[in-house]
Peer 1: 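Before I ask anything, let me first share the structure, which is written out below as structure tokens.
Chain letters run A, B, ... following the sequence lines, proteins first, then strands; residues in each count from 1.
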Amino acid sequence: MTRAVPRRFYDAGALEVAPQLLNKLLVRRSLAARIVEVEAYGGADDPASHAYRGMTRRNSTMFGPPGRLYVYFTYGMHFCANAVCGPAGEAEAVLLRALAPVSGLDEMRQGRHQGVRRLDDHQLTSGPAKLCQAFGIGADDDGADLVTGDRALRLVDDGVAPPAQPGVSGRVGIRVAADRPWRFWVPGDRNVSVNRIS
DNA sequence: CTTTGGATCGTCT
DNA sequence: GACGATCCAAAGG
């Protein structure tokens with residue numbers, strides 16, 4: 001059975017919500033994929049967070065109510081997506097780093113028409129920018145409500161529990177506070193983006 | 001197999 | 001004006 005993830009799920013801080021997000025499903029129309037890797041980002045207390053230096057036009061969704069999607073543009077060509085957590089104003093969020101495709105693989109493959117070579121299933125959503133390409137997530141989806149599905153993006157629970165003992169490591173791709181063990185993944189899943197442990 | 005560099009531009013200093 | 005919560009292809013061992 002499948003049920004929507006309720007608003008109160010996001011009330012806790014990002015560090016608490018992040019591992020609970022593992023094995024939940026991201027759904028958009030006929031597309032569905034299981035969350036297998038995430039990272040927690042704090043607010044004013046986390047130097048690696050976009051919210052560290054206060055609210056700006058770019059990060060304002062982080063400062064809003066929980067349960068919404070914070071989408072940002074980076075490296076001149078990539079989007080990444082986060083689930084906003086905690087009370088409004090705290091500006092905490094969980095970055096979706098990797099998914100395991102469940103349905104709609106052909107459409108995901110189309111969204112990711114990059115090079116000429118054929119992509120294996122486990123390469124469709126195995127990275128924060130890749131999963132946005134596969135799901136067609138862009139600037140228009142910043143602020144999307146994951147509970148009401150106002151942009152067709154929802155998080156649902158199909159009964160698969162989060163792993164009792166998730167993989168844990170420092171966060172990827174940041175320079176400051178990289179030692180905080182705030183990255184979590186489903187052990188053994190082939191879609192996890194980085195397999196180095198540190 | 002690992003390492004490196006290019007792409008590409010909105011955001012903040 | 002510098003730099004990213006990245007990805008990919010090409011070069012190197």
Peer 1: C:dC8 C1' sits how many Å from A:Met77 CE, rounded?
Peer 2: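 From A:Met77 CE to C:dC8 C1': 10 Å.
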
Peer 1: Hey, are the side chains of A:Arg190 and A:Asp121 touching, using non-hydrogen atoms and a 4.5 Å cut-off?
Peer 2: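 Side chain of A:Arg190 against side chain of A:Asp121, heavy atoms only: no contact under 4.5 Å found.
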
Peer 1: What nucleotide among B:dT8, C:dC7, C:dA5 has an atom nearest to a side-chain atom of A:Pro128?
Peer 2: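 Of the options given, the side chain of A:Pro128 lies nearest C:dC7.
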
Peer 1: Would you say A:Arg97 reaches C:dT6's phosphate, i.e. side-chain N/O to OP1/OP2 under 4.0 Å?
Peer 2: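 Yes, within the criterion.
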
Peer 1: Which whole-number value in Å describes the distance from A:Met55 CE to B:dT11 C1'?
Peer 2: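 Spelled out: CE on A:Met55 to C1' on B:dT11 is 15 Å.
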
Peer 1: Starting from P on B:dT8, measure out to CZ on A:Phe79 and report it in whole angstrom.
Peer 2: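 My rounded result for the distance is 15 Å.
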
Peer 1: I want to verify a distance call: between C:dA5, C:dC7, B:dC12, whose nearest atom is closest to the A:Thr56 side chain?
Peer 2: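 The answer is B:dC12.
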
Peer 1: Pick the closest DNA chain C nucleotide for A:Arg175 and for A:Gln123 by heavy atoms, then say which residue is nearer the 5' end.
Peer 2: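 Nearer the 5' end of the strand: A:Arg175.
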
Peer 1: For A:His50 and C:dA5, is the shortest distance between a side-chain N/O and OP1 or OP2 below 4.0 Å?
Peer 2: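 The answer is yes; a side-chain N or O of A:His50 sits under 4.0 Å from OP1 or OP2.
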
Peer 1: Please pick, from B:dT11, B:dG10, C:dT6, the nucleotide with the shortest atom-to-atom distance to any side-chain atom of A:Arg58.
Peer 2: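 Out of B:dT11, B:dG10, C:dT6, the nucleotide with an atom closest to A:Arg58's side chain is B:dT11.
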
Peer 1: Would you call A:Arg171 and A:Asp46 a salt bridge, taking side-chain N to carboxylate O under 4.0 Å as the test?
Peer 2: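 Salt bridge: yes.
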
Peer 1: Ring of A:Tyr41 versus six-membered ring of C:dA5: centres under 5.5 Å and planes under 30°?
Peer 2: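 Here the ring of A:Tyr41 and the base of C:dA5 are stacked, with centres under 5.5 Å and planes under 30°.
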
Peer 1: Let's see if you can work this out: which of B:dC9, B:dT13, C:dA5 has an atom nearest to the side-chain heavy atoms of A:Phe73?
Peer 2: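 Nearest to the side-chain atoms of A:Phe73, counting from C-beta on, is B:dC9.
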
Peer 1: Once you round it to whole Å, what is the distance between C1' of B:dT8 and NE2 of A:His78?
Peer 2: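 Nearest whole value for this atom pair: 9 Å.
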
Peer 1: OP1, OP2 of C:dC8 versus side-chain N and O of A:Arg112: anything below 4.0 Å?
Peer 2: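 For A:Arg112, the contact criterion (side-chain N or O under 4.0 Å from OP1 or OP2 of C:dC8) is met.
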
Peer 1: Where the side chain of A:Ala129 is defined as all heavy atoms beyond and including C-beta, which of C:dA5, C:dC7, B:dT13 is the nearest nucleotide?
Peer 2: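 Among the listed nucleotides, the one closest to the side chain of A:Ala129 is C:dC7.
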
Peer 1: Do A:Tyr75 and B:dA7 share a donor-acceptor pair, side chain to base, under 3.5 Å?
Peer 2: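 It does not, because no donor-acceptor pair links the side chain of A:Tyr75 to the base of B:dA7 below 3.5 Å.
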
